[in-house]
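Any value given below was found using the heavy atoms of this structure, including those in side chains, with hydrogens, waters and symmetry copies removed. Here is the naming used below: chain letters follow the sequence lines, and residue numbers restart at 1 for every chain.
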There are 2 protein chains.
Amino acid sequence: MSGLTSATTAAKRLLLGRPFRSDRLGSTLLPKRIALPVFSSDAMSSVAYAPQEIFLVLSLAGISAYSFAPWVGLAVAVVMVVVVASYRQNVHAYPSGGGDYEVATANLGANAGLTVGAALLVDYVLTVAVSVTAAAENIGSAVPFVHDHKLLFCLLGIALVAAVNLRGVRESGFLMAIPTYAFILGVLTMLIWGFVQIFLMGRDLQAGTAQYELVAEQSDLTTLAMVFLVARSFTSGCAALTGVEAISNGVPAFEKPKSRNAATTLLMLGGFSITLLLGIIVLGERLSAKYVMDPQSELAGLPEGYQQKSILAQLAETVFAGFPLGFYVIAVVTALILLLAANTAFNGFPVLGSVLAQDRYLPRQLHTRGDRLAFSNGIVFLALVAMGFVIAFDAEVTQLIQLYIVGVFVAFTLSQTGMVRHWTRLLRTETDPDARGRMVRSRIVNAVGMVMTGTVLVVVLITKFTAGAWIAVLVMVIMFVLMKMVHRHYTAIESELEAAAAEDDGVLPSRTHSIVLVSSLLIPTLRALRYARATRPDTLEAVTVNVDDRATRILVARWEESDISIPLKVIASPYRDVTRPVITYVRRIRATAPRDVVTVFIPEYVVGHWWEHILHNQSALRLKTRLLFEPGVMVTSVPWQLDSSNRAAKRSEVEYIAPGDTRRGFGVTPPRDEP
Amino acid sequence: MSGLTSATTAAKRLLLGRPFRSDRLGSTLLPKRIALPVFSSDAMSSVAYAPQEIFLVLSLAGISAYSFAPWVGLAVAVVMVVVVASYRQNVHAYPSGGGDYEVATANLGANAGLTVGAALLVDYVLTVAVSVTAAAENIGSAVPFVHDHKLLFCLLGIALVAAVNLRGVRESGFLMAIPTYAFILGVLTMLIWGFVQIFLMGRDLQAGTAQYELVAEQSDLTTLAMVFLVARSFTSGCAALTGVEAISNGVPAFEKPKSRNAATTLLMLGGFSITLLLGIIVLGERLSAKYVMDPQSELAGLPEGYQQKSILAQLAETVFAGFPLGFYVIAVVTALILLLAANTAFNGFPVLGSVLAQDRYLPRQLHTRGDRLAFSNGIVFLALVAMGFVIAFDAEVTQLIQLYIVGVFVAFTLSQTGMVRHWTRLLRTETDPDARGRMVRSRIVNAVGMVMTGTVLVVVLITKFTAGAWIAVLVMVIMFVLMKMVHRHYTAIESELEAAAAEDDGVLPSRTHSIVLVSSLLIPTLRALRYARATRPDTLEAVTVNVDDRATRILVARWEESDISIPLKVIASPYRDVTRPVITYVRRIRATAPRDVVTVFIPEYVVGHWWEHILHNQSALRLKTRLLFEPGVMVTSVPWQLDSSNRAAKRSEVEYIAPGDTRRGFGVTPPRDEP
């Protein structure tokens, strides 16, 4: 095992260099102005791709359909308002930060909770995939080279964010604030300056794509088809809502009054998102900017080697015409906030994992939050799966969007349903009229939220299922089943142990027999003998397995010369095997005295490099492993630290802080010694 | 670790099913009639390809050159005689079975020995590659389908033999005898019947290839070039000698008088090989059979889709004309003995490995012969590398032959040189005239052997180096360097330990502090506490790490209700980390009492399936690993066997017998208990 660990850590170090030594997080409670950017980068960043997805879908029906865009945008805005309003209730009712998972579990039972869990896990993966892809696309709009190697840059982007999180770098709220505010500020400036030019200065701004004729793929659609199309563009636009729930998971990290502050921050988030979303859509339509799936077939009159730019890039280009810097700034800040959004997924994923582990839906060690390895595995896993999706869909945002928002809206719907139940339950007992009034109001809000998000979910499934949503659903189902199985396993073990406990008599073992495994008279063995002696067992003997007659004879001779008072037993091993003879020997002792306990002392080398493990302890390790299967036997490793081990020990001294701790408000517990 | 082992064994079981339960090998000493086939399949099988390689090389110079074939064959026969004669000396002088490696080491020093070791390791790999390829070729001569998918069948063949060895199937000398005798008998019959037809019945037999005109690639060669060509065909023919040394490694497996019997067997082997070799060459030439590198370019007048058959197949076809069964029988027995030869390599490889491990040139655990895992790794390794070679050279015997015999002749030469030294050394002290006489004679024989094999080696290097021998040489050098490094590492460790032993005062630790790691009050923990108590330490306390305030509070409460007299300490863990706080705590104890020893008891679940390891003990395992780095600390695992573990235990009960034990005469030691 240590071989493995040290090997992997070695590999990671090679890859990532030393992790930063991170200071105690005692003082990381977040004021609103920091909390907003920390928790909203995910939601905010989605306005970078949501609007253009609306345009893209509509363009299938030709330019006329573009007139629907503002209305679709409005619809999305309405949903946003409702969702924000609903989650303001959540943060008041569940300030613990358990988020949708907790709400669903508490009010709708384990399976609902687990469904939310599975949905969110998938959602995190897709957040990474979509955000990084969108980032690459926006940078690509400014830098053709990136556009031509989009897939590569996406993979690099994911690797980069993963690496940052593997290093367990301390999250600085301040640093995270910069890109978010920069993005908001940048886009706002662009919008305002754009509208100023149009309405006050009466300029006739036209996007670069204005000149190209839009070739309707499906002209003269039936009304039904048209409705379906608009519905699809709406669901694509709903991508703007992803990440709104983030704040409800982050309540513990807020300054007091936590819930109030969180609620206010939610409001700010909603306000900004809606403003940006609508602003971009309206301006885009005003500049008759076009964004289509496949320019070559859908746009007429294209020049040679035309390369489609993201809507944001098109707007920036037009608005800041003659001021290219503005254009580049928009591209950069957009990419930054998108990467930040991916980063939040990397933070949230292991955190959710530890919550699920706490409820035994995932391996238990994921729960111990400081456990670097557990977290690292989670991060690597997330990165690989996300890369898989990016590759599978050739780094096309439009493709990934199809899978994306299913998970989010499953979570939304279940959590809102849960909230309704929550209020209903409270109302049963609550008597104080004011309180009842508030609860009723809250329940109405959440009910509206439930209905709204539920409807959207249905629409999403209808309009996107065949387009790819089915994949997301499938993955969720698989995750759900797996976690169920893990849970079942743990429960089975528990009852097995209870049964054992029931028939346990609680009597102390009457005597202890100690056996020291010997293969040489080197100092590690001698010390093992001494230590074994120090534990004052009832019987103590040294045992060697005769895998090599000559060597054994020499050992026995030396032993007799030496001043060791402990008798040396030689066990025959016709097949030159170490394990089985020892097992047989131990069993014989156990057979003669079943109430006693046998302790086998195994001298072991502790080495510093993974490859040294190939050269040492292999037989000892396997023997240990095998001995553990024998009832009534304890296995004691007596380590001998070789010089090379000291360095390794030093390496592992570095303190580690798990990603996502800031947003969980962890690390605030002052360190204490005894309770 | 156990996770790993069980995982791999599980995988292997999936792959191979249960290994046979093999009985004690006490009675496996081999009579000559069995020893011959067991040890000579490798050498004998090489007459299946050696002759045709002679023809192949000569054919480059046109049909006229074929007249050299018998003389080349004769030259090879002479070398064979000399080598056999020399090795008869070896088996008398070194009956222990150490073989060339032992001889070289004993007389020429470690580096010479290691060179032989490296050479033989490479030789084993190539034996597998060449034999299996030749087998596929011979079957292919009878079954076109095999011919068309040669590479595939080669890989399957290697996989099959590897699988058989992985199962640790007991070697039945009797079963091994069948193919060898069948081959000898079959080919002899073919030769005799062939010559009878020609000389007694005066039939004019002509091989199928007789009608085709041989197009000389290099006509009118200079004498020098011609000599070079003949030399090359000679070295190719020397492939017939590979495997002769096998018997000298097998002396311990012979019935008494071991050396005498081994020597006689060597003689028989030599006799048969030479007869078959010359017989095939002469008959082949008589039937003007042709075998060339590339039929399309070197043979004129070929029909469409002509497919070249091996020389053996050609002869069989002609001799048994009108009796196709004979033809097929020859093909089958040839393939069988070749597979058997590959199998011997699979036996020899781990055996040599264990000898090298004993001298610390390879990881030590390879030495414990019963160690299934070690052997399995060796077998898998050999199979993979052999497959690599087969793929790299597209399953062309002619290509592989170029790399093949370098290793063997390096071993031959060094071992014969060693023997000369050996006799010289003995002669210095020996006084008895008769003995001296024998020694002088032996020395002459070995000297001739040394010169002869040395010369062949030089010729091989000259004629084959650029053709591929360089690869074999390169691999040998790499192996040599690696093994040197391993050796250096072990020596370094040894001196490090001696230094430590020197400054060791040998005083017993004054007191023992026991710590039981606790995370619950489940039965495994309770039992761990009881066992720890039973070892009567000076101080005993239970320790829990507070990774989850709620859980910890509950545990503490339960603890106080319970009747456990041992105090429970709670250690804070601001980062929800288990390992570091425990380390710090242990260090504090050590700091206050440096002369004492600390024992940490860790309750552990023992599970049956590899995947269960993902769900259990992960934190415990890492903590253990990390604790071992602390001086003066012992780590005691208190296993709790879950039901699922019993099945796993059963599985591992199956006894295992290492491949190659028969030929090493292992397992003859009667099992005893105490010395």
Heavy atoms only: give me the nearest [X]-[Y] pair and the separation to one decimal.
| X | Y | result |
| --- | --- | --- |
| B/Pro509 | A/Tyr531 | CG-CD1, 3.5 Å |
| B/Trp640 | A/Ala500 | CZ2-CB, 3.4 Å |
| A/Gln641 | B/Glu630 | NE2-O, 3.0 Å |
| A/Leu628 | B/Glu604 | CD1-OE1, 3.6 Å |

Are the side chains of [Y] and [X] in contact, using a 4.5 Å heavy-atom criterion?
| X | Y | result |
| --- | --- | --- |
| A/Asp504 | B/Arg530 | yes |
| A/Pro639 | B/Val635 | no |
| B/Met634 | A/Thr535 | yes |

Can you tell which of A/Leu497, A/Leu526, A/Thr512, A/Thr599 has the highest number of heavy-atom pairs within less than 4.5 Å of chain B?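 Option with the top pair count is A/Leu497.
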
Based on non-hydrogen pairs under 4.5 Å, which of A/Pro581, A/Pro631, A/Pro537 is most in contact with chain B?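 Ranked by heavy-atom pairs under 4.5 Å with chain B, first place is A/Pro631.
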
So which part of A/Glu498 gets closer than 4.5 Å to some heavy atom of chain B, the side chain, the backbone, both or neither?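 Looking at A/Glu498, nothing touches chain B.
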
Chain A contacts, top residue of [options] (heavy-atom pairs, under 4.5 Å):
| options | answer |
| --- | --- |
| B/His489, B/Glu494, B/Lys624 | B/His489 |
| B/Val597, B/Asp596, B/Leu642 | B/Leu642 |
| B/Ser637, B/Ala501, B/Ala528, B/Ala534 | B/Ser637 |
| B/Val486, B/Thr552, B/Ile493 | B/Ile493 |

Hey, is CZ on A/Arg511 packed in by over 12 heavy atoms from elsewhere, all under 6.0 Å?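 Yes - once you tally the heavy atoms of other residues, nucleotides and ligands closer than 6.0 Å, there are more than 12.
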
Could you look at [X] and say if it's the side chain, the backbone, both or neither that has a heavy atom under 4.5 Å from chain A?
| X | answer |
| --- | --- |
| B/Leu529 | neither |
| B/Leu522 | side chain |
| B/Val633 | backbone |
| B/Arg553 | neither |
| B/Asp538 | side chain |

Interatomic distance, A/Arg364 atom CZ to B/Ser519 atom OG [nearest 0.5 angstrom]: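 A/Arg364 CZ to B/Ser519 OG: 7.5 Å, rounded to 0.5 Å.
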
Working to the nearest 0.5 angstrom, can you tell me the gap between B/Glu496 CD and A/Ser644 OG?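 If we round to the nearest 0.5 Å, B/Glu496:CD and A/Ser644:OG are 7.0 Å apart.
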
